[in-house]
Amino acid sequence: MEVLVTGGAGFIGSHMVKMLATRGYSVVTLDDLSAGFRDAVLAGEFVHGSLHDIAGLDALFSAHTFDAVIHFAGSIVVSESVRDPSKYYRNNLVATLNLLDAMRKHGVGKLIFSSTAAIFGMPQYVPIDEGHPKAPINPYGMSKWMIENVLLDYERAYGFHSVALRYFNAAGAAPDGELGERHNPETHLIPLAIRAANGALPALTVFGSDYDTPDGTCIRDYIHIVDICEAHLLALDHLARGGGSRAYNLGNGEGYSVRQVIEIVERVSGNKVPVHYGDRREGDPPRLVADSSRIRQDWGWIPRYSELEMIVAHAWRWENANAVPA
Ligand code: UDP
């Protein structure tokens with residue numbers, strides 16, 4: 001099977017490319033390197049290109065016979081999406097339409113799409129199941145929710161089959177230490193807490209300690225990058241069997257507060273995490289925890305690295321070995 005991975009030089013994409021190659025898939029990565037890293041693409045063919053380049057897409061699809069596309073490429077920083085919605089509707093919605101239309105033109109009808117817990121907005125209940133109302137509160141979440149709807153229309157009209165996977169908090173690193181989380185600038189809690197623990201950062205700023213949670217800090221559901229990628233392989237199998245469109249929430253189903261994450265980083269590292277308590281970050285819901293029972297039941301997905309200690313331990317090893325500047 002030949003698979004196109006858009007955004008294959010990014011955090012989740014690079015792990016996916018590696019896993020696909022290990023499992024015997026033929027892989028092509030398409031990435032514009034605006035946020036990804038060429039040296040993170042460890043296997044397959046690499047194409048430096050953009051989803052905004054319609055002629056380039058046409059040439060790519062003419063040169064290959066893709067069985068499916070895994071679409072990670074997109075912009076992901078919530079606060080930036082509020083400041084610059086145009087970038088998010090272009091890079092997420094418009095770019096995806098370009099991709100879908102190239103797929104249609106070339107008879108490729110199977111897509112796995114990176115969606116997000118941000119489509120739900122402020123949770124009305126937790127854990128959040130697939131039926132929870134969708135009310136995104138920022139352009140990032142809205143752009144992803146729009147695409148989920150586009151995909152359903154494409155199924156009805158063109159027989160296009162897709163699986164939308166709504167990630168909660170992707171974290172960790174490859175267990176063999178080969179790949180890890182790389183964002184520039186880094187905004188995510190676990191790598192920043194690790195950098196505060198190993199001295200690469202003077203302190204971690206905790207965004208708000210007056211939330212309505214047991215210790216006043218926000219609760220999130222952290223899921224290991226490898227478990228996320230395994231879910232994509234199950235989605236590929238489903239689509240290859242001719243299965244119809246689906247959407248699944250993807251998390252461990254267990255919430256950890258920012259304070260608890262800090263404690264685990266301190267335990268794993270043996271170092272203190274210097275902390276500064278700051279204001280709330282705009283648009284942060286107090287509690288986001290996934291109910292992933294549907295994907296467990298339908299496809300037997302079981303997270304292998306559900307322990308947050310293990311997720312942090314893999315990230316800790318990666319950060320120390322690679323000393324990514326803050
Ligand atoms: N967070 C924090 N300090 C940081 C980065 C994140 O306190 O420097 C908090 C953030 O407010 C949220 C949680 O950690 O409650 C996870 O944030 P992250 O950016 O990792 O992922 P998100 O939940 O925004 O997707």
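Just follow the structure's listing: the first ligand is 1, and inside any ligand the first atom is 1. Note that the structure is predicted; figures quoted are calculated from it, not measured.
Judged by the 6.0 Å distance and 45° axis criteria, Arg104 is not positioned over the aromatic ring of Phe160.
Taking the centre of each ring, Tyr167 and His232 come in below the 6.0 Å mark. Ring centers of Tyr248 and Trp301: at least 6.0 Å apart, outside the cut-off.
Atoms of ligand 1 lying under 4.0 Å from any heavy atom of Val206, numbered from 1 in the order shown and given with element: 7 (O). Of all atoms in ligand 1, listed by their number and element, those nearer than 4.0 Å to a heavy atom of Leu192 are 8 (O).
Of the possible donor and acceptor atoms, one in the side chain of Thr217 sits under 3.5 Å from a partner among the backbone N and O of Arg259.
Of all protein heavy atoms, the one lying nearest to atom 7 (O) of ligand 1 is Phe207 N, 2.9 Å. What sits closest to atom 17 (O) of ligand 1 on the protein, heavy atoms only, is Arg281 NH2, 3.5 Å. Closest protein heavy atom to atom 20 (O) of ligand 1: Leu189 N, 2.8 Å.
With a 4.0 Å cut-off on non-hydrogen atoms, Tyr222 touches ligand 1 through its side chain and not its backbone. Using a 4.0 Å cut-off between heavy atoms, Leu204 contacts ligand 1 through its side chain alone, with no backbone atom that close.
Distances between N or O atoms of His188 and those of ligand 1 include no value under 3.5 Å. For Val258, no nitrogen or oxygen atom sits less than 3.5 Å from a nitrogen or oxygen atom of ligand 1, counting backbone and side chain alike. The shortest N/O to N/O separation between Cys218 and ligand 1 does not fall below 3.5 Å.
Here atom 11 (O) of ligand 1 lies nearest to Asp284 when heavy atoms of Thr205, Asp284, Leu288, Thr187 are compared. Comparing Asn169, Thr213, Val77 by heavy-atom distance to atom 25 (O) of ligand 1, the nearest is Asn169.
A salt bridge does not link Arg287 with Asp212: every distance from a Lys NZ or Arg NE/NH1/NH2 to an Asp or Glu carboxylate oxygen is 4.0 Å or more. Ion pair Glu148/Arg166 flagged as a salt bridge, since at least one NZ, NE, NH1 or NH2 atom sits closer than 4.0 Å to an Asp/Glu carboxylate oxygen.
Within a 6.0 Å sphere centred on CZ of Arg304, other residues, nucleotides and ligands contribute 12 heavy atoms or fewer.
Using the six-membered ring where Trp is involved, Phe66 and Phe61 have ring planes that are perpendicular, over 60° apart on the 30 and 60° scheme. Using bins of under 30°, 30° to 60° and over 60° for the plane-to-plane angle, the ring pair His132/Tyr125 lands in the tilted bin.
Using a 4.0 angstrom heavy-atom cutoff, Tyr256 does not count as in contact with ligand 1.
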